[in-house]
J.: 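Mind looking over this structure? Questions follow.
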Amino acid sequence: MIANKLDLDRARVRQARQLARRAGKPVVDLARSHTTVAVERAVLRLAGVSGADPDGIPWVNRLVDAVVADVGLGYGVAVPAFHALAASGTHDLTLLAQKAAAGSVRFEAPGGSAATAARRAARKAVAAGIRQIDRRRAERERLVTRYGDPPRRPWIYLIVATGDIYEDIPQAQAAARAGADVIAVIRSTGQSLLDYVPDGATREGFAGTYATQENFRLMRAALDETSRELRRYVRLTNYASGLCMPEIATLAGLERLDMMLNDSMYGILFRDINPVRTFVDQRFSRQIHARAGIIINTGEDNYLTTADAVDEAHTVTVSQLLNEYFAKEAGLEDWQLGLGHAFEINPDLPDSFRLELAHALLARELFPKAPLKWMPPTKHMTGDVFRGNLLDGFFNLAGTMTGQSILLVGMMTEAVVTPWLSDRDTALANVRYVLGACGGLHEDFVPAPGGFIQRRAHQVLDESVELLRRIVDDGLLEAIGAGTFGIMKRPADGGKGLAGVARHEPDYYNPATEILEER
Amino acid sequence: MSRIVRPYGDTTGDGMVQLSFTLPVASDRRAEGAALQLAAKMGMDPAMVVHSRPIGDGYTFFVVYGRVNHLVDVDAVQVVERDFPVLAAKEVNALVRRRLRRKLVVVGACIGTDAHTVGIDAILNVKGIAGEKGLESYREFRVVNMGAQVGVPDLVERAAAERADAVLVSQVVTQRDAHMHNTREMSAAFREALPAGRRPLLVVGGPRFDELMAAELGVDRIFGRGTTPREVASYLVHALAGGTVREKVAAG
């Protein structure tokens with residue numbers, strides 16, 4: 001910490017980080033000793049398997065299912081698949097998947113020199129996929145150098161979501177021209193619970209657009225065009241969450257997406273996905289994000305939409321610390337940690353804005369190098385659009401006073417309609433006014449020593465340390481099971497996707513993890 | 001006393017309203033004329049464009065103030081009246097204690113592909129909505145929230161296992177009338193699985209339901225947009241522990 005505007009006790013902050021590490025370590029150990037069907041499918045995607053069968057089920061699913069049916073999941077898919085590939089005399093893994101789906105291939109987990117050969121072949125194929133991710137990262141760096149980053153912080157983040165990728169594209173381009181630095185394409189509701197990634201361009205979604213490789217490619221190409229036109233690199237965001245987190249992270253890396261929503265616990269709490277599945281998938285997806293130079297956005301804002309933003313403020317801090325630990329363990333650097341938090345305190349509460357400032361500044365001071373993502377009010381937006389616009393103005397003000405890095409633009413019609421053209425324009429005018437009038441206010445804003453804001457921040461930090469201590473004592477999985485975060489109780493043996501988890505056999509092999517952990 | 005009214009700006013009977021909208025035309029004098037034409041067709045006379053600005057390429061946003069000539073007959077307004085009193089949490093709990101003499105069991109879920117738990121959570125979670133705590137906070141209720149994308153068979157099974165008094169289902173997604181199909185499937189499954197006396201009260205909620213369609217969808221009650229936990233709790237005690245105690249309650 002450089003500034004220490006809140007006069008935080010540095011020893012206490014160190015203690016909080018140590019506790020987060022102790023709470024997270026057992027879960028990392030669990031992630032290192034297990035695999036999932038989604039991790040193995042991501043490995044196959046890196047090895048070049050693409051496309052889907054006539055029913056729309058991706059070949060990676062068919063191939064993993066076939067391997068699991070013959071030898072189980074515990075060896076990983078790489079060795080059985082590449083062993084079968086060598087035996088089959090073809091060189092095309094997608095072709096092998098098609099044969100396997102037709103039932104004409106048997107898989108086994110070989111030993112000895114056959115295993116060594118299969119490992120070598122698998123590693124070679126997967127390395128090609130990772131090289132592609134490396135090339136995409138270098139390409140982003142070139143484009144950012146050529147066109148430049150946004151001229152100021154925070155970056156302005158806008159959402160589009162029509163369900164039809166071909167409608168999303170002009171909307172996204174219009175949003176970028178209107179001032180958005182980051183475009184997020186919201187996913188179709190329920191995609192998090194699909195155990196496969198849909199294939200191809202999609203024109204129909206439920207309150208959002210499916211995340212597919214082709215949709216990623218189309219939107220990135222369109223925004224490259226807009227970046228060229230605006231001489232400003234426009235970033236693209238999607239969601240690596242749900243049952244296909246590792247695969248979507250991989251596709252994002254292959255198609256040069258720039259930011260991905262990726263929270264350590266969101267799927268568990270809000271989608272009832274099995275905790276073990278989530279932590280295993282999450283570690284792999286973050287390793288990919290680290291390699292791809294993608295900024296992750298964590299989802300702490302969600303806690304405050306179900307729990308009280310004042311009483312439960314410390315659960316946000318605890319989650320940020322856990323997200324930081326898991327992210328760094330997976331190889332992400334500080335500049336990639338878009339830790340989330342939100343302006344969700346009931347505006348009728350006395351001093352609500354001072355409380356918001358205290359919480360927002362606490363996050364800023366705890367994670368000085370992280371590109372914090374500041375999320376607008378949703379829960380207390382009532383349909384009174386005039387009051388909503390005022391509230392969004394205060395949200396923008398809090399964002400600039402506390403030096404937030406990524407600002408998700410709040411809509412006064414939140415909870416009324418999906419944003420209209422004029423809603424987005426009014427919301428952007430609000431942001432422009434605040435940033436224009438006092439964009440540098442964070443330089444001047446230093447809370448009074450011993451005053452309300454400092455005291456509140458200290459209290460939240462103390463409560464966070466207290467909660468982390470309890471989590472360390474009880475175990476993180478048990479704490480999640482007991483409903484510590486966001487009220488929901490999620491036991492480790494419940495939730496969706498548990499069947500797709502397996503403990504590593506002694507000779508489990510995953511070439512992607514091997515390469516990603518070499519650095 | 002007359003119940004005929006007009007909108008009120010700053011003088012009784014002035015009929016003043018405000019309106020904002022976007023037209024897909026470039027911002028110029030002609031655009032303003034177009035906005036005034038729309039306002040006139042909507043019955044605003046005189047109308048003033050007090051603000052207009054271009055939005056992107058080929059769109060213009062307008063704020064219009066003006067006077068409407070329409071009269072509103074308040075007596076002619078029809079609303080669906082609530083047929084049960086809205087009670088405080090304390091009264092609800094007292095009624096359950098006195099009439100049921102055990103906890104009232106509620107099982108809630110989002111069914112089908114709907115992953116939006118916002119509705120069911122607003123009603124069930126302790127946190128609640130609009131300052132009202134959810135049903136979990138009612139001491140005399142036992143609440144099981146099964147969350148999102150619950151299969152209908154799982155819901156029926158769980159409701160039977162928990163001996164649910166009421167099943168609450170939330171449906172937000174309405175593409176291709178999914179909310180109606182899902183609700184019909186759910187009510188049919190309960191009818192099939194449980195005899196009338198043991199069937200829980202079936203309640204659905206969601207922003208796009210027509211509250212008058214309960215019978216058609218085979219459920220006991222529909223709640224629309226803006227429903228609060230207290231209303232749901234009040235309805236449940238009215239239906240399950242109210243003056244007319246239903247058979248199933250007596251049967252236990």
Side-chain angles (χ1 to χ4, degrees), chain A residues 163 170-171 173-179 187-194 204-208 242 269-273 302-309 311-312 344 346 348-349 378-380 382-383 385-386 415-416 420-426 428-429 483 486-490 494-496, chain B residues 18-24 27 51-63 109-131 133-134 136-137 143-151 154 171-176 178-179 207-208 225-226:
Chain A
Q171 285 213 12
Q173 291 180 315
R177 284 187 202 106
R187 292 196 308 183
S188 173
T189 187
Q191 181 166 5
S192 32
L193 296 178
L194 293 182
E204 209 170 52
F206 300 95
L269 299 175
F270 294 89
R271 293 288 184 244
D272 197 14
I273 293 174
N302 291 289
Y303 301 143
L304 302 182
T305 61
T306 50
D308 184 86
D311 296 345
E312 302 299 325
E344 290 282 18
N346 182 352
D348 293 333
L349 206 68
T378 57
K379 191 175 165 185
H380 297 285
T382 57
V385 295
F386 303 104
V416 182
W420 290 357
L421 188 66
S422 57
D423 299 337
R424 208 173 275 146
D425 188 72
T426 302
L428 280 170
I487 300 181
M488 265 76 62
K489 295 179 185 172
R490 303 300 191 202
K496 301 181 172 72
Chain B
Q18 61 181 18
L19 176 69
S20 65
F21 54 88
T22 302
L23 290 178
S27 174
H51 171 72
S52 77
R53 68 171 187 272
I55 306 181
D57 278 345
Y59 295 89
T60 309
F61 177 68
F62 302 93
V63 180
C110 290
I111 57 172
T113 57
D114 200 337
H116 288 90
T117 57
V118 51
I120 196 78
D121 287 341
I123 301 299
L124 295 185
N125 273 0
V126 173
K127 190 53 215 160
I129 190 168
K133 288 200 159 65
E136 283 180 345
S137 71
V143 173
V144 179
N145 185 349
M146 295 180 69
Q149 301 190 331
V150 175
D154 295 337
Q171 291 279 273
V172 172
V173 170
T174 56
Q175 253 106 344
R176 290 183 227 100
H179 59 312
R208 299 276 178 269
R225 173 179 287 282

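Throughout, a chain's letter reflects where its sequence line sits, starting with A, and its residues are numbered from 1.
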J.: Indicate whether the side chain of A:S422 and that of B:R53 have a donor and an acceptor atom separated by less than 3.5 Å.
T.: no

J.: Suppose we screen for side chain to side chain donor-acceptor pair (under 3.5 Å). Which residues come up paired with A:R177, at least two apart in sequence or across chains?
T.: A:E229

J.: For chain A, which residues from residues 55-63 of chain B have at least one heavy atom closer than 4.5 Å to it?
T.: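 Only B:I55, B:Y59, B:F61 of residues 55-63 of chain B have a heavy atom under 4.5 Å from chain A.
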
